[in-house]
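Just so it is clear, the structure is predicted and the values come from calculations on it, not from any experiment. All values below were derived from every heavy atom in this structure, side-chain atoms included, with hydrogens, water molecules and symmetry-related copies excluded.
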Amino acid sequence: MRQAGILLPIFSLPGKYGIGCFSKNAFDFIDFLKKSGQKYWQILPLGPTGYGDSPYQTFCSFAGNPYFISLEGLIEEGLLDKKKVDKIYKNCGDDRVDYEMLYNTRFTILHDAYEGAKAKNFKRLKAYKSFEEDNTEWLTDYALFMSLKDEMGGISFTEWPEELRVRDEKALKQASKRLADEIGFYKFLQFKFYEQWDIVKKYANDNGIDIIGDLPIYVSPDSADVWAHPELFQLDKNARPKAVAGCPPDGFTPLGQLWGNPLYDWGYHNKTGYAWWISRIDKCRRLYDIIRIDHFRGFDEYYSVPAGDTDARGGHWVKGPGMKLFRAIKKSLGEIRIIAEDLGYTTDTVKKLVKDSGFPNMKILEFAFYRDEDDDGEHDFLPCNHYANCVVYTGTHDNETLMGWLKGIEDDVYKRMADYVGYEPELKPVSKCKKAAKCVKEEVERTPEVIAEESRFVRGEAELHSLADKLIRAAHGSVADYCILPVQDYLYLDNSARINAPSTLGNNWVWRIDKKDINACLSGKIRKLTEIYDRLKA
């Protein structure tokens, strides 16, 4: 069971045309994983992104992101003209994702591919007919939702005319007739997405690589899920949320976090035997070999904030479905490989839910060395306290890169971490105060004068590289069955390569790896570590 993997989102793959996708670069990365002795490729949610470009806020929890469709693949099929595509993306950089550029260009190009496919009568293909039949429960609603959204200039469905917002049958029939071609376009995009992803996943599996994919617990408020199935959520008669998801205030966020996602009507789900969730998990197990469920604690208790509140201070905790949901899933689908993301404040009941489920949970090394006034001595994230049924990470997509974290943490955390991995950092006073270095080194109480003229540990590139290596070794050396590391940490990249800074907008989900970095030297380094710590893929 001791195996290892790498975290790299699809959009972070190298290649041209503005974003990582299901092109040859995906297959090359799988080859790299195999040569590196890895068993797992962890990615982020694959859904179509909306406001903020977050893969955790998608237009449909069953649909795929059209940006990930390989234009090279469409060119090879004869559905696109290579010269035209190259001209459009002539000045497009390949180090960051430019979502504005993609929004303004990609769907025009994909429409060209759709016209080419129509000329070849793609709807008569057996593969397309099978796809349409197999996905009836969500595909038509999603395609109509997106077509209406385009017609309305992209506004949220909660702002649509009432007859469309509340799904008046006559209005829907008229819209379906009026927008028939656009509906066909969105169905075509999903057909190509799944067709291409199936090939990528099969190639991975054939080469001994399993895909770990993310399932966000909540859906976007502006999504086909909420529009088509308002009964699943806590909504009023106008399809607007009665309460929304969030997190309570803490020492870092005094106003709490207001996520804004609609909350589930768990009473209704229970009456249906959790049919929608079973369908959602069933779809995910086609996309992924292992499903990482984000915000797992929300199944034990969820934080409910009254709709209309401007912050999360007025929220309260409400009991979730607990093991009833997972027993229903197991009864219907059998054993499903799931990772429980149980980060954040965990209560005894959350811990019990994780234990009762039997799912491996997560251990983050960047969280292991912090202490507060209420330190209870239970340092769950320290490698010495890990157990087999868990997944160890240096950090996740929501954390700083390892190098960025090492550069910025406070001296007491830095010293505690250095002591743990057996490294003696060098102290360098930043002022003329000679007492500062001695006080920090001997961990004695410092006077305000000393604190004001603080010493800092030397944090040169060589020192940070050495510490990063030691932390990576600590992860590999953990007894955890799974060791999944962001590729940025192997490359000593700073926070310019960070994937996401929660509660911020504008510079997230954009980092892409340089193709030159996915090389034999890095592969050899990773394989050696994997072999040393007995994680080499069988």
Rounded to the nearest 0.5 Å, what separation is found between the [atom1] atom of [X] and the [atom2] atom of [Y]?
| X | Y | atom1 | atom2 | result |
| --- | --- | --- | --- | --- |
| Leu8 | Ile499 | CG | CD1 | 7.0 Å |
| Leu164 | Gln174 | CG | CD | 9.0 Å |
| Thr347 | Leu353 | OG1 | CG | 9.0 Å |
| Glu72 | Glu77 | CD | CD | 12.5 Å |

Would you check if there is a donor-acceptor pair between the side chains of [Y] and [X] at a distance under 3.5 Å?
| X | Y | value |
| --- | --- | --- |
| Arg297 | Tyr303 | no |
| Asp282 | Ser279 | no |
| Gln3 | Tyr40 | yes |
| Tyr56 | His295 | no |

Residue from Lys123, Arg124, Lys187 passing salt bridge (charged side-chain N to carboxylate O under 4.0 Å, His left out) with Glu132: Lys187

Describe, in one word, how the ring planes of [X] and [Y] are oriented to each other, choosing from parallel (under 30°), tilted (30 to 60°) and perpendicular (over 60°).
| X | Y | value |
| --- | --- | --- |
| Phe185 | Phe107 | perpendicular |
| Tyr142 | Tyr186 | perpendicular |
| Phe299 | Phe296 | perpendicular |
| His269 | Tyr274 | parallel |
| Phe131 | Tyr128 | tilted |

Cation-pi, Trp511 ring and Arg498 (6.0 angstrom, 45 degrees): no

Quiz item: cation-pi between Lys283 and Tyr194, 6.0 Å / 45°: yes

Under 3.5 Å donor-acceptor, Arg292 side chain and Gly213 backbone: no

Residues forming a salt bridge (charged side-chain N to carboxylate O under 4.0 Å, His left out) with Glu76, sequence neighbours excluded: none

Inter- and intrachain pairs under side-chain hydrogen bond (donor to acceptor under 3.5 Å, both in side chains), touching residues 314-326, at least two apart: Asp300-Lys319

Candidate pair Tyr393 and Gln42, rule side-chain hydrogen bond (donor to acceptor under 3.5 Å, both in side chains), full reasoning: CA-CA 11 Å; Tyr393 298 80; Gln42 181 169 330; 2.8 Å; yes

Stepwise side-chain hydrogen bond (donor to acceptor under 3.5 Å, both in side chains) check, Tyr89 with Arg106: CA-CA 10 Å; Tyr89 291 100; Arg106 196 58 128 231; 2.7 Å; yes

